[in-house]
J.: 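Let me begin by handing over the structure; questions about it come next.
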Amino acid sequence: MNPVLSLRGISKSFPGVKALSEVQLDLYAGQVTALIGENGAGKSTIVKVLTGVYQPDAGNITIDGAEVHFPTAQAASKAGVTAIHQETVLFDELTVAENIWLGHAPRTRFGLIDRRAMRDGALRLLEGIGATLNPDLRLRDLGIASKHLVAIARALSIDARVVIMDEPTAALSYKEIHELYELVEKLKAQGKAILFISHKFDEIFRIADRYTVFRDGQFVGQGDMGDVSENDLVQMMVGRSVDQIFPARHRNIGAPVLTVAGYSHPTEFADIGFTLHRGEILGFYGLVGAGRSEVMQSLFGITKPSKGATRIDDQVRVIRSTSEAIAAGIVYVPEDRGKQGAVKGLPIFQNVTLPSLSRTSRAGFLRLAEEFKLARDYTGRLDLRAASLDQDVGLLSGGNQQKVVIAKWLATQPRVIILDEPTKGIDIGSKAAVHEFMAELAAQGLAVIMVSSEIPEILGMSDRVIVMREGRIVDEVAGDRMTPETLVRAAAGLAVAA
Amino acid sequence: MTPHHRIIPDRLQSPATRALRSWEAILVAVAIAVFVTNSFASPYFLNVWNLSDATFNFTEKALIAFAMAMLIIAGDIDLSVASIIALSSTAMGVAMAAGADTPVLVLIGIGTGLLCGAINGALVAGLGLPSIVVTIGTMSLFRGVAYIILGDKAFTGYPASFKFFGQGYVWWVISFELALFAAMAVVYYVLLHRTSFGRAVFAIGNNATAAQFSGIRVARVRFILFLLTGVMSGIAAVCLTSRLGSTRPSIATGWELEIVTMVVLGGVSILGGAGSVAGVFLAALIMGMVTFGFGLLNVPGIVMSIFLGVLLIVVIALPRLLRRG
Amino acid sequence: MSLLKSREALLALAILLLIGVVAARFPAFVRPANLANVLNDTSPLIILAIGQMIVILTKCIDLSVAANLALCGMVAALMNGAGVPLPLILMGVVALGAGLGAVNGVLVWKLGIPSIVVTLGTMTIFRGTIFLITDGKWVNAHQMSDGFKALPRTVLLGLPVMSWMAIALIILFTVVLTRTALGRSFYAVGGNPHAAVYAGINVGRTQFSAFVISGALAGLAGYLWVARYAVAYVDIAGGFELDVVAACVIGGVAIAGGAGTVAGAVLGALFLGVIKNALPVVGISPFWQMAISGAAIVLAVTFNATQARAPGRIILKSAEAR
Amino acid sequence: KGAEEAAAELGDVEIIYTGPTSTTAEGQIEVINALIAQGVNAIAISANDPDAVAPALQRAMDRGITVISWDSGVAKEGRQLHLNPSSSALIGNTIIKLAADHIDGTGDVAILSATSTSTNQNIWIEEAKKVLPNYPNVNLVATVYGDDLADKSYREAQGLMATYPNLKAIIAPTTVGILAASQAVTDAGKIGEINVTGLGLPSEMAGAVESGATISFAIWNPIDLGYAATMLSYNLIKGAEAAPGASIPMGRIGAATLDENNEAAMSDPFTYDKSNIEAFKSIF
Ligand SMILES: Nc1ncnc2c1ncn2[C@@H]1O[C@H](COP(=O)(O)OP(=O)(O)OP(=O)(O)O)[C@@H](O)[C@H]1O
Ligand SMILES: Nc1ncnc2c1ncn2[C@@H]1O[C@H](COP(=O)(O)OP(=O)(O)OP(=O)(O)O)[C@@H](O)[C@H]1O
Ligand SMILES: [Mg+2]
Ligand SMILES: [Mg+2]
């Protein structure tokens, strides 16, 4: 059988990064090909090359043996390639229907956009993926999961032979994920060639027929799913076998540091209460959208709670701003690194000292030598990889940016560190480093809160786990009860198993 | 834990190399070129008194440009500055008519600027409105109030001691305005590049959300920046009023755009996050010398403004053209 | 939601209220003839506001519109002086305006210079060019042919042609913006330029088109202006660009791009037009006009911002509903 | 043009004619500074703002430069003498008379001025108001400002017509204003109902006079004004003293006699109407 679409020798560089280096990829009709690789392996980049968003530096794309070029996204969709991108690339001010049809809207006889056809088409597509959404709603009024469904409908609105899905399940709930699986089966039955990108092995083994592995922008191998084991794939991804991922913890839990009681917000969360101790890692689990980030950001002074109190070392503290939180010793490593974490455009050392300026300056006047010293100390401890400390943070890879953000907080010498999805978007190597570092911090007596949606990570790292659902704490799990089943049932609102 | 850390060097380029490759280096070259051209083009150019007179062309605008640069670096803009001058000047006129003395006049001028800055700051930093729109509004509002107060009248007859700010000399050919300009250049250099406040300004301009997440009081910094442009406009109003010896609601019309031009020419990114006081200082000198040079050649003002328009676009476009080779 | 939709309706209400207040003191103000007059008088502002709105939709701003208008107006007057027939003049100024807009557009598109910097520069260049081609001289009424001056003021079905042109452009651009691919791409580019690339829309080229449209409209307005006031000189419509931006802001066009309607921009222009025309009638000193329009801008932007404020995430709702 | 004529006549005079970027006082000061720097012998200025330019001109005088103002004057301390194009009183009287004559001395009239800061306009309006009692049935209802902007003046004229339905005449002592007002009256279809008059240049007013929107208007000879200003400057440089009562020659026009404010008037305004406009419209 000949591939519908195949890529040969594709290279793509960005300033400072070689994202793809002579990679190849084949997609077959009626088959799902999984593309696997660590974060930053170049998966999304190949998607963008395939959809005309990026132009490759070298290499060629052939469809049915004929070479094609995609100078724009429109050219790619005309050639029958459509994609659900990793990021939701939609328009808040336009309606659902307009978002689905933008760029290829049905026309009336006069060449004007046919709004009725657009609306009907949108309804049909949404129905097809099991979504009940009003096509006239403006996108800004939708939640993140609904937006993702719109993105899927948009991809399907193009009558394509090749369908690409870049981590399509990341933002979806359990039920929606299953509907997506059904959809993939349907598309497969229609003979479409599907490229499926995911980090979740269970998912890959469930729906993929073939696999292709990338590592550091290079093609590593491909083959039939039936011929490989999970461990084989991991080995191909990282170039070595990974057996013991989580560090052994030396548990040494001390006195309570942070006590939260009756913490509430008008719309986001209600009645949050817990105690955090010295040397403890407290996990927060929940489905995406359960409101964990919101609680943490509120503890960090970003949003104001409507009710409730926090005590630090038995002292009631009202935290109204991030600077007050930092002064109280609470720091927060945000989930959205690019937007909330790193200040791209500023050099590494200035990022590190940003919250510590009062210590590195005298009477408001900066002392550069002190700044460099502080930055050197903490980035060194985290084993940062960078050319120099006055390099722009924006030029670093995601994992190294995360290290800068963590260094920034450690430099303030906090008592409580909140890590929100600390390993999201980080490759397995860096992930282990972050885990080890967390364990070390706890051992030094810091109190750590870790928000994570990854069950292995939560179970592997936490001393105790709090489960949230729809803005409320639904369970607290410790000791023997710390099993995947307990967490999943609690997070999904199912009856607690005995 | 980790066996050996790689040592990351502090810098790859020495500060001197960096300075040589900077935007300011280009501006210095342009400034020298303009100076030399002018010296050849007009026999009257190289005369200390003439040069001293010429500085009045830009000192008041440059005072505001320093504060505006910080504001633009932080990602905001204030188009109401010229109107603040008009309102401050009018307020001083009212006070003078009521018999106030020079120190009181100065206080009132600066105080009015502060108040206007506070209004802008409250609307932008407090309510979170876009600064460009807010200040287009207050631009009409502030000057409008000046018109309501003054109408077709003018205030004249400022006390003799008040003349010092716009017509007085500190030492030999160094006018008060020139000295103030130089002093403010130093003050703003230190404020922007040598204090944690300045650092916060850069952080906000590059990523306000991340700055807030790093414990910077973003709203407060932005508010203070509006106060600063307000105060500098107030100070400029004192100088200008003193120099003109009178107040009309129409004074300083159109200055806001000249000031923004000066700031952008100085290498401040209009999108925020980058820029330097040295650049603005040099841009002020260049614009002053160009204006004066053309003036000596009796080139009509409007031709001069074409030149500045072209200069603005070319200076911004050139590096972009070169970069793409 | 319904409130958001009725932003234009609220503005229309505010305008009616304003007219009502004026009419209470000066009934003559609401005579159809006078209202038609206000509309006619506001036509150039309306035409420019439509163009500016499109530019702002794409996350840009065009500060050179007034200078473009002045230059095109002057060229129209000079062409007329040279005996060029009127239809050719009309095509000429629209093309010239579009060309000047294209200069802005190219600088924004190809060099990626922020539009505020580009148009700040071209506004002085365009105006300076008028001086260069005329040496600062005026073109006066008697130097213009009667046909040239007559077109905008010829009355058709009770309204002068200038008003009809504005009305036609309102309709044309409402259709363009709501019912054509280009129109929707203006919204897409301003709303989320990053995502627009994924939808196959060339952001720079769309911004370029916006500048060309804004320029062409300024060119047409240039002819109308000069023909109507029967005079052309360097400084005509000086500072008018700010009125145009103000009209858009009052009309609820988001300065950050991606949101706004033709109706809003037109109503914003009418709001300013009514104030301008009402003040002399009501006998309020014209010195109040500036402060009033300034206050209107500040109020409008405050109002629009509080309306548009993101509702915040509602996580608890489903839990409560149970 | 007049200045060049004078220069040619005098032989040893070079004229620099220049203007600022915009019509603001600050712009004019920049020009003054440039002129001082070039060490000119005399500056003859028509001021945008009488007070604001005074300090700069004082500095010019300190550096030995002869400074006179003409047309739109400068505050007394900022110049040696001021040359009015014509006696202010006479202009004030003329514009009222022109308005009154064509409405049979009865009815509402309004004034459309230039900017609220133009000295000359304001003086003429003052003078016009002084002679109003001589026309008991002429009722001055409003003074508005068009800022010498065509559109604003036009709108102000429209406003006047809307506000005062019985308006019989609009007086605009400024070229932009009178043109805009004639246009507004023409567009409103009120030719014959409302007479526009004031000060304007024949070349610009020819159309309005022909259409009948303006029956007659006045102006002095601007060529003579430039000529006279140049002559006065020249004579001051050559040693003539500017003091109250002094008489300084102005070449072919005669001599200027200074009043107690060191002001002089050139000549009487001349009235133009259908009968003579053709002859003058090609001259100025
Ligand atoms: N626009 C860009 N500019 C600079 N570098 C980029 C750009 N896009 C991607 N990169 C870099 O290219 C590399 C490959 O990125 P890519 O997004 O393709 O990874 P990925 O495999 O999709 O990772 P993930 O699993 O996190 O989605 C990374 O090092 C990334 O930082
Ligand atoms: N309606 C929305 N519009 C825009 N962004 C949203 C929306 N809902 C969620 N997000 C963003 O998506 C991201 C992940 O979802 P969210 O934060 O809701 O999950 P959570 O319960 O807070 O915790 P976590 O993601 O850590 O499980 C967050 O960065 C959040 O800001
Ligand atoms: Mg990816
Ligand atoms: Mg979250």
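Sequence lines set the chain letters: A, B, ... in the order given, protein chains first and strands last, and positions in each chain run from 1.
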J.: Relative to chain B, which segment of C:Leu132 carries a heavy atom at a distance below 4.5 Å: side chain, backbone, both, or neither?
T.: side chain

J.: Can you tell me which of C:Cys248, C:Ser293, C:Gly239, C:Ala291 forms the most heavy-atom pairs within a distance under 4.5 Å of chain B?
T.: C:Ala291

J.: Would you call the rings of B:Phe307 and B:Phe294 parallel, tilted or perpendicular if under 30° counts as parallel and over 60° as perpendicular?
T.: perpendicular

J.: Nearest 0.5 Å, please: how far is CD1 in B:Ile251 from OG in B:Ser88?
T.: 9.0 Å

J.: Among B:Leu308, B:Val145, B:Val310, B:Val260, which residue has the highest count of heavy-atom pairs closer than 4.5 Å to chain C?
T.: B:Val310

J.: Quick check on B:Leu123 against chain C: is it the side chain, the backbone, both or neither that has a heavy atom closer than 4.5 Å?
T.: side chain

J.: Heavy-atom cut-off 4.5 Å, strictly under: side chain, backbone, both or neither for B:Val264 against chain C?
T.: side chain

J.: Could you tell me which of B:Leu150, B:Leu141, B:Val134 has the largest number of non-hydrogen atom pairs under 4.5 Å with chain C?
T.: B:Leu141

J.: With chain B, which of C:Val249, C:Leu120, C:Ile250 has the greatest number of heavy-atom pairs at distances under 4.5 Å?
T.: C:Leu120

J.: At a 4.5 Å cut-off on heavy atoms, which part of B:Ile270 comes close to chain C: side chain, backbone, both, or neither?
T.: side chain

J.: Rounded to the nearest 0.5 Å, what separation is found between the CG atom of B:Leu79 and the CD1 atom of C:Ile116?
T.: 6.0 Å

J.: What pair of heavy atoms forms the shortest contact from C:Glu241 to C:Ala66, and how long is it?
T.: OE1-CB, 3.0 Å

J.: Name the region of C:Ile61, side chain, backbone, both or neither, that has any atom closer than 4.5 Å to a heavy atom of chain B.
T.: side chain

J.: Between C:Asp243 and C:Lys276, is there a side-chain N and carboxylate O pair less than 4.0 Å apart?
T.: yes

J.: Could you tell me which of C:Ile113, C:Val245, C:Val298, C:Leu63 has the largest number of non-hydrogen atom pairs under 4.5 Å with chain B?
T.: C:Ile113

J.: Going by distance alone, is a donor N or O of one side chain under 3.5 Å from an acceptor N or O of the other, for B:Asp78 and B:Thr229?
T.: yes

J.: Apply side chain to side chain donor-acceptor pair (under 3.5 Å) to B:Thr291 and B:Asn57, showing your working.
T.: CA-CA 8 Å; B:Thr291 322; B:Asn57 288 349; 5.3 Å; no

